[in-house]
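Here is the structure we will look at, set down as structure tokens.
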2 protein chains.
Amino acid sequence: MDKNDSKRGRGGCPVLAFQRMVSGKYKIRILWDLKDGARRYGEIRSGLLRGGDGSAAIAPRVLSRELKALAQFGLIQRKDYGTVPPKVDYRLTPMGKSFVPVIDAIRKWGHRHLTAA
Amino acid sequence: MDKNDSKRGRGGCPVLAFQRMVSGKYKIRILWDLKDGARRYGEIRSGLLRGGDGSAAIAPRVLSRELKALAQFGLIQRKDYGTVPPKVDYRLTPMGKSFVPVIDAIRKWGHRHLTAA
DNA sequence: CGGGATCCCGATAGATACTG
DNA sequence: CAGTATCTATCGGGATCCCG
């Protein structure tokens with residue numbers, strides 16, 4: 001991988017690039033969770049439990065990888081406060097914020113067609 | 001799975017339902033390909049080559065599974081003409097058509113942010 | 001022509017244990 | 001608290017052959 005993977009998908013259709021970018025079970029929901037501002041690792045982790053099946057917690061390895069991938073695509077930014085105990089938070093970049101309306105479109109459609117009574 | 005999986009995802013967030021619905025590499029692009037009307041199996045197959053890496057053709061088993069899944073979710077409808085040689089085509093249902101604008105939002109965003117010069 | 005059946009493989013996610 | 005290391009189970013996708 002070179003240093004700016006944020007501009008991958010060139011030449012192909014935008015949908016393919018989108019698919020790769022949000023691949024994985026949690027990326028879209030993480031982005032949505034960050035739409036109101038920065039959140040800490042543990043907050044994101046807890047937030048992902050609501051809305052799922054509620055049974056199992058997400059494995060730290062998985063969440064970590066999702067966050068790294070999102071950061072690499074330039075959608076979120078990691079901020080390490082370097083304190084002890086450690087504090088790290090994640091926030092949307094401008095590019096990430098520009099993606100929020102798309103998620104909103106998805107959410108609205110899903111709400112209308114996918115949620116039973 | 002029971003017989004009406006088209007209304008799954010109740011209770012959870014719409015994004016999860018969306019993710020399950022369009023999981024796989026081709027589903028969104030198939031839907032997009034059908035936005036202008038019905039297409040035959042082979043046409044869809046060929047259409048998926050453009051925009052990809054162009055190297056390999058999609059395995060019939062994979063395409064078949066994607067189409068079945070989309071039909072099961074109620075997004076497309078399969079029409080078998082029962083002739084010989086066989087002719088089958090697929091078209092969007094009203095629900096599938098309602099999803100097109102969402103794909104368009106994805107496409108537009110991807111075009112603006114993901115495609116390099 | 002439009003698939004189904006079978007085998008294989010890489011990527012991904014879950015569980016568990018450990019650490020700066 | 002915010003991760004990393006390891007291991008394993010599962011899944012989605014590709015290749016190939018075959019059939020109505």
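Residue numbering restarts at 1 for every chain, and letters A, B, ... go by the order of the sequence lines. Just the heavy atoms: all of them, side chains too, but no hydrogens, waters or symmetry mates, feed the values below. What you are looking at is a predicted structure, and each value in this text was computed from that prediction instead of being measured.
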Practice item. Have a look at B:Tyr90 and say if it touches a base, only the backbone sugar-phosphate, or nothing, with a 4.0 Å heavy-atom cut-off. Key: sugar-phosphate

Check your understanding: What pair of heavy atoms forms the shortest contact from A:Lys35 to A:Val100, and how long is it?
Key -> CB-CG2, 4.1 Å

Check your understanding: Does A:Arg45 use its side chain to pair, donor to acceptor, with the backbone of A:Ile58 at less than 3.5 Å?
Key -> yes

Exercise for review: May I ask you to decide if B:Leu63's main-chain N or O and B:Tyr41's side chain share a donor-acceptor pair within less than 3.5 Å?
Suggested key: no

Review point. Can you tell me if A:Arg29 uses its side chain to pair, donor with acceptor, with the backbone of A:Leu48 under 3.5 Å?
Key: yes

**Study point:** A:Ser64 side-chain N/O to A:Arg61 backbone N/O, donor-acceptor pair under 3.5 Å
**Key:** no

**Study point:** Boundaries of the chain B footprint along DNA chain D (any atom under 4.0 Å from a heavy atom)
**Key:** D:dG12 to D:dG20

Point to revise | Donor-acceptor contact present, side-chain A:Tyr90 to main-chain A:Ala71, <3.5 Å | key: no

Exercise for review: Assess the pair B:Trp109 and A:Phe99: is the distance between their ring centroids shorter than 6.0 Å?
Suggested key: yes

Point to revise | d(CD1, B:Ile44; C1', C:dG2) in whole Å | key: 11 Å

Check your understanding: If the sugar-phosphate is the primed atoms plus P, OP1 and OP2 and the base is the rest, what is the B/S/- string for nucleotides 10-15 of chain C, using protein heavy atoms under 4.0 Å?
Key -> --SBBB

Practice item. If the plane angle is over 60° it's perpendicular, under 30° parallel, otherwise tilted; pick one for A:Phe18 and B:Phe18. Key: perpendicular

